[in-house]
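As structure tokens, the structure follows; a few thoughts come after it.
All residue numbers refer to positions in the sequence shown, counting from 1. No hydrogens, no waters, no symmetry mates; every other heavy atom, side chains included, goes into these values.
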Amino acid sequence: MTAESPSRDEPAQPTNAERIGVWLVGARGNVATMSIVGARAIATGRAETTGMVTERDPVSSLELPPVSTFVFGGHDIDPTSLVDQAERQCERNGVPDEKTLASVRDDLAAVDERIEVGTAVNCGAAVTADSDHLDRELAIRTVVDQIRDDYESFRTAHEIDRLVVVNVASTEPELASPDRYDTRETLEDAIDSDDRDLPASVLYAYAAIDAGHPFINFTPSTGNALGGIRELAVDRGVPHAGRDAKTGETLVKSALAPMFAGRNLNVLSWEGHNILGNKDGLVLEDEENAAGKLSSKGDVLESILPDIGHNRVRIDYTPSLADWKTAWDYIHFEGFLNTEMTMQFTWEGSDSALAAPLVLDLVRLIVHADEFGEGGLQPHLASFFKAPIGVDEHDFSAQLHWLYEYAARHSDA
């Protein structure tokens, strides 16, 4: 496993700015591809920063690394090139458009050379027949060491000042009995004793944090949620955040549900039906892979509306939708004098176009935390996630307030 030398065609970086390495786990997936396209288009002035929280007051008052300083690399088990992935998204979804894609095509090809073969340990339905992944017979400790070597080779070859690892891979099945790994000692013992139950996301997170690299879990997969990983992050003083990015239907729920609570309206039933057509939708057809996703989507309402009568979420794969997703929600509630009423909404959006700007935001914010020595969990980033680790508050406005307070605190310092 090797990393390529810096390309002579890499764009010039801002004077005195750090080079920020962004290592994407699932680097050839839809979200990763759109994130790279967006970052390079922003850096060259071909795209606006719409959708990026870090480009809006008060968060923009923080001294954050410019997106133009991002240098991308990653792991994947999909052999399809980044250019082919972007072309397919352009043709099937219209996002990115042809002009934007043409402007970043060379950048995508350069990044593609920096993508290493990843592990598929316990990834479930995410592993397809044409996957190119590390030998399943390798010892778990050997896999961790190879992942860590890939991080370091990339950092050295591309003169990276600070590396952030972001998991944007397909959702894994839930880990059985995660309490077994509640401490750093039990987790490291499991790695050393070749525990085959540990999923890929945990191995990526462990390798990153143990090496001192901030980690972001954009997915519902276990990753950095284990107690042992959290303890390691505190010991190492490394910031990390997750899990399961909040981009669509759940974002609306977390903003809308507090309205019913605030007005003391009794929600009798809340039905959510999601359909999407990309690889994530296909992977979520598998019940084991879908379990974690459904749990994080459902828990938001249970937290905000603890007395809700009925709460159900469905996710169905609809191939013709490609990267577009649709959510239809039906809310049956009771008001004054036992009056029963209903509210319905439909959310339609491009899955990757909603997610990509948040990837860029989170990288910038986790770098900021790392610069200020703010290791461990980052509760002020809760608004980005459906199931923010270590945070029980799911009210979107309350979560945003924490982020704004964080920005104000650092701006006044």
Side-chain angles (χ1 to χ4, degrees), residues 31 51-54 56 58-59 171 216-221 225 241-276 280 284 290 292-315 325-333 342-359 361-362 365 377-407:
V31 172
M52 290 184 63
V53 177
T54 52
R56 181 179 183 273
V59 188
T171 302
I216 298 164
N217 188 6
F218 207 74
T219 79
S221 300
R243 84 198 228 210
D244 199 3
K246 187 162 57 183
T247 60
E249 181 209 25
T250 309
L251 174 65
V252 178
K253 284 181 174 179
S254 67
L256 186 59
M259 176 194 73
F260 289 98
R263 285 298 175 92
N264 197 24
L265 297 170
N266 182 26
V267 177
L268 305 172
S269 297
W270 195 313
E271 285 276 354
H273 187 190
N274 298 255
I275 55 175
L276 67 160
D280 286 341
L284 293 173
K293 186 77 170 180
L294 291 171
S295 175
S296 66
K297 288 175 74 67
D299 287 349
V300 169
L301 287 183
E302 300 289 350
S303 170
I304 301 172
L305 302 169
D307 297 324
I308 190 170
H310 170 77
N311 170 26
R312 182 168 60 184
V313 183
R314 291 184 55 186
I315 303 175
K325 63 181 179 181
T326 297
W328 171 72
D329 279 51
Y330 181 92
I331 307 157
H332 183 204
F333 65 98
T342 62
M343 176 180 183
Q344 300 178 50
F345 69 82
T346 303
W347 171 278
E348 296 179 289
S350 168
D351 200 24
S352 301
L354 289 165
L358 304 189
V359 171
D361 280 333
L362 284 164
L365 288 164
L377 289 170
Q378 307 294 305
H380 62 283
L381 301 182
S383 63
F384 290 94
F385 301 104
K386 295 184 185 76
I389 305 170
V391 173
D392 295 326
E393 176 62 74
H394 287 280
D395 183 323
F396 184 61
S397 346
Q399 292 175 339
L400 271 182
H401 184 64
W402 297 344
L403 179 59
Y404 296 163
E405 281 188 330
Y406 175 86

Compare every heavy atom of [Y] with every heavy atom of [X], then report the nearest pair and how far apart it is.
X	Y	value
Gln399	Ser383	OE1-CA, 3.2 Å
Ala382	Trp402	CB-CZ3, 4.0 Å
Ala327	Asn274	CB-OD1, 3.5 Å
Thr247	Ala355	CG2-CA, 3.9 Å
Ile389	Ala225	CD1-CA, 3.8 Å
Pro220	Thr171	CD-OG1, 3.3 Å

Measuring only between side-chain heavy atoms, which start at C-beta, is Phe396 closer than 4.5 Å to Val300? no

Answer yes or no: is there a donor N or O on one side and an acceptor on the other, between the side chain of [X] and the main chain of [Y], under 3.5 Å?
X	Y	result
Asp244	Thr219	no
Lys246	Phe384	no
Arg312	Glu271	no
Ser303	Asp392	yes
Glu393	Asp395	yes
Asp351	Lys325	no
Asn217	Ser221	yes
Asp329	Phe345	no

Nearest 0.5 Å, what's the [atom1]-[atom2] distance between [X] and [Y]?
X	Y	atom1	atom2	value
Lys253	Asn311	NZ	CG	5.5 Å
Thr54	Asp361	OG1	CG	3.5 Å
Met343	Trp270	CE	CH2	7.5 Å
His332	His310	NE2	NE2	12.0 Å
Ile275	Arg314	CD1	CZ	10.5 Å
His394	Leu305	NE2	CG	11.5 Å

In Asn266, Ile331, Leu301, the residue satisfying side-chain contact (heavy atoms from CB on, under 4.5 Å) with Ile308 is Leu301

Checking Leu381 against Tyr406 for the side chain to side chain contact (heavy atoms under 4.5 Å, CB included) test, could you report, in this order, the C-alpha distance in whole Å, the side-chain angles of both residues, the deciding distance, and whether it holds? CA-CA 10 Å; Leu381 301 182; Tyr406 175 86; over 6 Å; no

List the steps and the verdict of side chain to side chain contact (heavy atoms under 4.5 Å, CB included) for Phe385 and Val391. CA-CA 10 Å; Phe385 301 104; Val391 173; over 6 Å; no

Could you walk me through whether Phe333 and Thr342 pass side chain to side chain contact (heavy atoms under 4.5 Å, CB included), step by step? CA-CA 6 Å; Phe333 65 98; Thr342 62; 5.5 Å; no

